[in-house]
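Values below: every heavy atom of this structure, side chains too, minus hydrogens, waters and symmetry copies.
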Amino acid sequence: QVPLVESGGGSVQAGGSLRLSCRDSLDIYNERYMGWFRQAPGKGREAVACISGGGGLANYADSVKGRFTISRDSAKNTVFLQMDSLESDDTAMYFCAASRPLYGGTNCLFLDDYATWGQGTQVTVSS
């Protein structure tokens with residue numbers, strides 16, 4: 001069973017919106033920091049946004065600030081990424097990830113702090 005399952009990707013025109021979901025199928029990551037990352041063809045994986053276990057802390061990459069919003073619904077074991085004003089540079093495979101156990105940093109945008117990854121969902125933005 002895949003522990004983290006992403007959905008909500010698709011194709012959209014520039015300026016449009018998408019909402020990604022990441023479901024914790026094992027119900028074991030509610031206390032963990034959760035992050036969204038993306039990887040475009042030929043590029044490395046980069047952080048997009050992250051959120052603390054309680055949802056009180058959220059950080060964003062500079063490239064998405066003001067356009068993307070991360071949130072979580074613990075009752076549904078799901079983390080969301082609302083993406084508005086999409087640009088062609090947002091085209092990538094998007095992955096969610098759960099932090100390693102006991103992680104509690106204030107800057108949760110480092111890939112090395114994440115231990116469990118989903119399989120990704122593709123987002124394509126056409127100009």
Side-chain angles (χ1 to χ4, degrees):
Q1 188 174 2
V2 179
L4 298 175
V5 182
E6 301 98 333
S7 62
S11 297
V12 65
Q13 289 191 327
S17 298
L18 284 173
R19 188 192 196 203
L20 305 184
S21 298
C22 172
R23 183 174 61 85
D24 169 6
S25 65
L26 302 179
D27 189 18
I28 60 174
Y29 298 115
N30 266 337
E31 302 298 320
R32 304 273 187 99
Y33 280 64
M34 298 293 293
W36 282 99
F37 300 82
R38 66 187 182 186
Q39 186 165 15
K43 296 186 177 181
R45 193 167 295 189
E46 63 176 5
V48 175
C50 57
I51 189 167
S52 61
L57 171 71
N59 286 334
Y60 298 90
D62 288 343
S63 59
V64 306
K65 280 181 181 176
R67 300 188 298 120
F68 290 11
T69 303
I70 190 171
S71 61
R72 67 191 302 164
D73 184 336
S74 296
K76 296 181 179 179
N77 298 331
T78 302
V79 177
F80 303 98
L81 185 67
Q82 177 66 41
M83 305 188 296
D84 298 318
S85 302
L86 283 161
E87 304 168 354
S88 56
D89 286 347
D90 295 319
T91 295
M93 183 72 78
Y94 284 70
F95 301 88
C96 72
S99 69
R100 53 181 167 76
L102 304 180
Y103 171 79
T106 56
N107 185 345
C108 48
L109 293 174
F110 294 109
L111 274 71
D112 288 347
D113 290 326
Y114 291 83
T116 305
W117 294 80
Q119 295 182 325
T121 185
Q122 177 67 38
V123 171
T124 302
V125 184
S126 57
S127 56

* To do: State, to 0.1 Å, how close Gly118 and Phe95 come at their nearest heavy-atom pair, and which atoms those are.
  => O-CD2, 3.6 Å
* Structure fact -> In terms of heavy-atom contacts, Ser127 and Ala14 come closest through CA-CB, 4.1 Å
* Asked: Considering residues at least two apart in sequence or located in another chain, which fulfil the side chain to side chain donor-acceptor pair (under 3.5 Å) criterion with Ser25?
  -> none
* Asked: Tell me, do Leu26 and Gln1 make a side-chain contact under 4.5 Å, heavy atoms counted?
  -> yes
* Structure fact -> Nearest heavy-atom contact between Val123 and Gly9 is CG2-CA, 4.2 Å
* **side chain to side chain contact (heavy atoms under 4.5 Å, CB included) involving Thr124 - partner list, sequence neighbours excluded** => Ser11, Thr91, Gln122
* Asked: Lys65: what forms a salt bridge (Lys or Arg N to Asp or Glu O under 4.0 Å) with it, not counting sequence neighbours?
  -> Asp62
* Pairwise distance CG(Asp112) to OG(Ser99) - rounded to 0.5 angstrom -> 13.0 Å
* Tyr33, Leu111: one ILVMFWY side-chain cluster at the under-4.5 Å cut-off? -> yes
* Residue list, side chain to side chain donor-acceptor pair (under 3.5 Å) with Asp113, at least two apart or on another chain -> Arg100
* To do: Identify the two heavy atoms, one from Ser85 and one from Ser17, that lie closest to each other, and give their separation to 0.1 Å.
  => N-OG, 4.4 Å
* Asked: Same cluster or not: are Val48 and Val12 linked, directly or through other Ile, Leu, Val, Met, Phe, Trp or Tyr residues, by side-chain heavy atoms under 4.5 angstrom apart?
  -> yes
* Asked: Who pairs with Arg23 by salt bridge (Lys or Arg N to Asp or Glu O under 4.0 Å), at least two apart in sequence or on another chain?
  -> none
* Structure fact -> Heavy-atom nearest pair, Ala58 first then Ile70, reads CB-CG2, 3.8 Å
* Do Leu57 and Tyr103 belong together in a cluster built from hydrophobic side chains that touch within less than 4.5 Å? -> yes
* Asked: Roughly how far apart are Asp27 CG and Ser74 OG, rounded to 0.5 Å?
  -> 9.5 Å
* Does Phe37 share a hydrophobic cluster with Tyr94, counting links as ILVMFWY side-chain heavy atoms below 4.5 Å and allowing steps through other members? -> no
* All pairs passing salt bridge (Lys or Arg N to Asp or Glu O under 4.0 Å) where residues 115-127 contributes a residue, at least two apart -> none
* To do: Answer yes or no: are there more than 12 heavy-atom neighbours, outside Gln119 itself, under 6.0 Å from its atom CD?
  => no
* Indicate if Ile51 and Phe80 have the same hydrophobic cluster label, given that clusters are the connected sets of ILVMFWY residues with side-chain heavy-atom separations under 4.5 angstrom. => no
* Can you sort out the partners of Glu87 under salt bridge (Lys or Arg N to Asp or Glu O under 4.0 Å), two or more places apart, ordered by chain and number? => Arg67
* **Pairwise distance CZ(Arg72) to SG(Cys22) - rounded to 0.5 angstrom** => 9.5 Å
* Is a side-chain donor or acceptor of Glu6 paired with a backbone partner of Cys96 at a separation under 3.5 angstrom? -> yes
* By side chain to side chain donor-acceptor pair (under 3.5 Å) - contacts of Arg19 (at least two apart) -> none
* Asked: For the side chain of Asp24 and the backbone of Tyr29, is there at least one donor-acceptor N/O pair under 3.5 Å apart?
  -> yes
* To do: Not counting sequence neighbours, list each pair that qualifies as a disulfide bond (SG atoms under 2.5 Å apart) and has a residue in residues 35-77.
  => Cys50-Cys108
* Asked: Can you name the residues that form a side chain to side chain donor-acceptor pair (under 3.5 Å) with Tyr114, not counting sequence neighbours?
  -> none
* Qualifying salt bridge (Lys or Arg N to Asp or Glu O under 4.0 Å) pairs with a residue from residues 31-42, counting only residues at least two apart or across chains -> Arg38-Glu46, Arg38-Asp90
* How close do Asn107 and Asn59 get, heavy atom to heavy atom, and via which atoms? -> CA-ND2, 3.4 Å
* Asked: Can you name the residues that form a side chain to side chain contact (heavy atoms under 4.5 Å, CB included) with Thr69, not counting sequence neighbours?
  -> Tyr60, Gln82
* Close side-chain approach of Leu4 to Met34, heavy-atom, < 4.5 Å -> yes
* Is the Trp36 to Phe68 ring centre distance short of 6.0 Å? -> no
